[in-house]
Every structure is written in C-alpha cells, then in structure tokens.
Amino acid sequence: MMVYLVFLCLLPSLISGASILPEPRKDVRASATDAEIQSLAEQFYAADTNKAASGDITLNLQYKASSSQTSTGTDYANQKLFRYVNEAKLFARPTFARLVNLLDNYAQKTGSAESVPTTEVNEQNAFLDEIFKTSIITKLSNFFISKGYYSSAASFKTDLKAMWFGLYTRTSGPLDSSGFEHVFHGEIHKGKVSGLHNWVKLYLLEKSGQVNYLSYSADGVWKGYPDIYAFQLKWSTYLKTIGSFFVGSSPEFDIAMYTLCYVTRPDSLCSVKMGGSIFKIQTYTWANSTYGNGKRFVASSYPI
C-alpha cells in the first residue's frame with residue numbers, strides 16, 4: 001500500500017518529464033553542530049593554498065579609531081591602507097583572476113537595474129567552475145551532502161549560483177542587487193556604503209583613487225593571512241562607518257566561509273574558528289523575494 005501511494009505522488013512528475021521532487025535546501029540548524037562548523041572552518045583555513053603569504057600584502061593601518069570616532073567620517077590616515085599587494089603573484093591565480101573579472105560588472109548605486117549580458121553570465125560560470133576545482137569548496141560540498149543539505153555537488157553548485165548571483169531589488173523597483181554584488185563589490189544605498197566586505201575589491205578601489213581610507217577599528221589576532229580587520233572609509237563621498245573584511249584570503253575561502261554560515265546559520269551569528277581562535281560571521285537572508293522552492297537569496301554575510 002505504501003509503495004502504491006508513493007507511486008501516485010510521483011506520477012505527475014513522471015508523466016510531465018520534470019525532475020522528480022525538486023530538492024529544497026534543508027534549513028535545519030540541528031543538522032550541523034557548532035563544533036562541526038568550527039572544525040570545517042579550520043579545515044578551510046588550513047587548505048587555503050591560494051591565500052597571500054606574509055610578504056604578499058603590506059598594510060599601513062595608521063590610526064585606530066575608538067567606537068565614538070568610527071561614525072564621524074574624519075580622515076585620521078594621511079596615507080593609503082595598502083602599501084603593497086603582490087598582484088603579479090596573487091591575481092594571476094585562477095580563482096583571483098576569475099573574481100577580478102566579475103568586479104567591474106555592477107552599478108555603484110542601488111536603484112539602477114543590473115543588466116546581465118551573456119558575457120557576464122559566462123564570467124559567473126567561469127568563477128564557479130574555478131572555485132569548484134579547489135579543495136576548500138570540495139570540503140564544503142562534501143560536508144553539505146553528508147549533512148543532508150544537498151544531494152550532490154551539482155545541486156549545491158546550482159543553488160550556490162542562485163543564492164549569490166540571483167537578482168532582487170533593494171529599492172522596491174528594478175532588480176538592482178544580489179548577494180555577490182553586496183558582499184564582494186559593495187553598493188551605495190540610501191546615501192552610504194552598504195556591503196563591501198571583500199579585500200580585493202577594496203584594494204582595487206583604493207588603487208584607482210575611488211576609496212579614501214580613514215582609519216581602522218579592529219585588527220584580528222592572526223599573525224599571517226587570512227586576518228580580519230574593520231576599516232572606516234569613504235567611497236567617493238559616501239561613508240562606510242565600519243566595514244569588516246577577511247584580508248589576504250582567497251576568493252574560495254571567502255565564499256566557503258560565508259556560504260557555510262549562510263546555509264547552516266541563516267539570519268544569525270555563526271561561530272567559526274581559524275588557527276584555534278573563535279570568531280563570528282553574521283548572515284542575513286533577503287526576505288522580500290525568493291527563488292526556487294521558497295529559498296532566500298543572500299542579503300549579506302561578513303566577519304564580526
């Protein structure tokens with residue numbers, strides 16, 4: 001009797017030729033424990049072979065702002081933040097090169113519809129193909145499959161593209177934003193810098209004269225890279241009072257850490273670990289529109 005009922009449930013899909021039972025992403029917090037998430041984050045940290053070595057980046061932090069100074073917009077630094085980045089080495093690596101190709105695809109301000117021509121879709125696919133060759137994303141994919149979030153690496157890859165690159169509106173108008181644009185590129189929204197949590201984009205903006213570094217308010221405990229910093233800056237005339245970044249990390253490391261927390265701890269603080277030190281990643285889902293089987297796009301994700 002049970003077999004007969006299951007057959008009846010599947011019959012419409014079999015007749016139409018559609019995929020059997022579209023796979024929802026499993027959003028059950030109990031599926032992944034804090035200890036498992038921290039352990040996997042440590043594995044990402046150890047496996048990040050594309051990260052910057054100690055001599056590949058030189059920061060000029062200058063002034064440390066107090067909590068009362070971060071929102072003033074005062075320029076406490078008369079020199080640039082990035083004194084040196086080994087572009088010839090780092091940006092020649094495939095995942096970095098694919099990331100850089102994506103970073104000029106977006107409008108600076110929300111309110112303008114994002115056009116996504118075939119060339120940009122191809123760049124998205126090339127980026128995903130490249131990061132899925134890395135051991136970090138393989139570890140993430142295997143973990144999600146083992147915990148029941150996805151049935152295969154292919155289904156995870158499809159969902160990863162949708163959650164990060166799917167378009168939605170932050171202005172109740174045109175499709176002007178995505179999780180990737182917000183986190184990795186940054187946006188000017190309601191008169192201030194919103195998002196912008198990727199160190200490569202920050203470096204490129206400063207190099208081109210578009211960003212003025214003001215001060216820093218936090219420096220992580222890590223001696224090498226990746227490290228975590230909080231910066232104050234102006235993009236053109238728009239202020240970012242506190243922007244937190246992994247610095248020196250690879251693109252696949254950032255995507256893996258943010259996605260691990262986004263899938264397992266949506267809309268909350270996620271406890272992760274690097275080099276034995278625990279810290280938090282904040283995740284936010286976009287609640288105003290969905291894709292697929294009621295899934296939510298990435299709204300934001302960044303280290304605390």
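As the structure is a prediction and not an experimental result, all values here were calculated from the model.
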- Consider only side-chain N and O atoms of Tyr238 and Lys109, and report whether a donor and an acceptor are under 3.5 Å apart. yes
- Task: Could you verify whether a donor N or O on one side chain and an acceptor N or O on the other, from Ser215 and Gln232, lie under 3.5 Å apart?
- Result: yes
- Side-chain donor-acceptor pair under 3.5 Å between Thr134 and Glu252, yes or no? no
- Could you grab the distance from atom NE2 of His182 to atom CG of Leu196, nearest 0.5 Å is fine? 9.0 Å
- Query: Which atom pair, heavy atoms only, marks the closest approach of Thr169 to Trp286?
  - Reply: O-CZ2, 3.0 Å
- Message: Donor-acceptor check, side chain of Thr95 to backbone of Glu130, threshold 3.5 angstrom: yes or no?
- Response: no
- Is it true that Lys207 and Glu87 have a side-chain N and a carboxylate O under 4.0 angstrom from each other? yes
- Query: Among the clusters formed by ILVMFWY side chains lying less than 4.5 Å apart, do Leu205 and Leu214 turn up in the same one?
  - Reply: no
- Given side chains that start at C-beta, do those of Leu167 and Ser178 come closer than 4.5 Å, heavy atoms only? yes
- Task: For this output row, return yes or no: ring centroids of Phe132 and Phe156 closer than 6.0 angstrom.
- Result: yes
- Should the pair Phe245 and His197 be assigned to parallel (<30°), tilted (30 to 60°) or perpendicular (>60°) ring geometry? tilted
- Item | Non-hydrogen side-chain atoms of Asn78 and Gln62 separated by less than 4.5 Å | yes
- Item | Parallel, tilted or perpendicular: ring planes of Trp222 versus Phe279, cut at 30 and 60 degrees | perpendicular
- Query: Angle class for the Phe91/Tyr203 ring planes (parallel below 30°, perpendicular above 60°, tilted otherwise)?
  - Reply: perpendicular
- Query: Ring centroid separation for Tyr258 and Tyr262, is it under 6.0 angstrom?
  - Reply: no
- Message: Suppose clustering is done on Ile, Leu, Val, Met, Phe, Trp and Tyr with side-chain heavy atoms closer than 4.5 Å. Which residues sit in the same group as Ile242?
- Response: none
- Message: Once you measure the plane-to-plane angle for Tyr168 and Phe297, does it fall in the parallel (<30°), tilted (30-60°) or perpendicular (>60°) bin?
- Response: tilted
- Query: Just checking, is any N or O donor in the side chain of Ser66 or Gln69 under 3.5 Å from an acceptor N or O on the other one?
  - Reply: yes
- Here the gap from Lys147 atom NZ to Ile145 atom CD1, rounded to the nearest 0.5 Å, amounts to 13.5 Å
- Gln282 and Ser300 side chains, donor-acceptor separation under 3.5 Å: no
- Would Asp129 and Lys157 pass as an ion pair if we require N to O under 4.0 Å? yes
- Message: As a test of understanding, state which of Tyr213, Tyr216, Tyr63 forms a ring-ring contact (aromatic ring centres under 6.0 Å, His included) with Tyr76.
- Response: Tyr63
- Message: Taking the six-membered ring for Trp, are Tyr225 and Trp199 closer than 6.0 Å centroid to centroid?
- Response: no
- Taking atom types as modelled, is there a side-chain donor on His189 or Thr110 under 3.5 Å from an acceptor on the other? yes
- Reported CG-to-CG distance for the pair Asn122 and Asn101, which is rounded to 0.5 angstrom: 11.5 Å
- Message: I want to check something: taking the side chain as every heavy atom from C-beta on, are Leu202 and Leu81 in contact at a cut-off of under 4.5 Å?
- Response: yes
- Pair Glu187-Ser177, side-chain donor/acceptor within less than 3.5 Å: yes
- Only counting residues at least two apart or in another chain, list the ones meeting salt bridge (charged side-chain N to carboxylate O under 4.0 Å, His left out) with Asp34. Arg265
- Between atom CD of Gln43 and atom NZ of Lys273, what is the distance when rounded to the nearest 0.5 Å? 12.0 Å
- Query: Looking at the rings of Phe165 and Phe180, which for Trp means the six-membered one, are their centres under 6.0 Å apart?
  - Reply: yes
- Message: Just checking Lys192: does its NZ atom have more than 12 heavy atoms from other residues, nucleotides or ligands closer to it than 6.0 angstrom?
- Response: no
- Side chains of Ser249 and Asp48: does their closest heavy-atom pair fall under 4.5 Å? yes
- Task: Examine the side chains of Asn60 and Gln79 and answer whether a donor and an acceptor come within less than 3.5 Å of each other.
- Result: yes
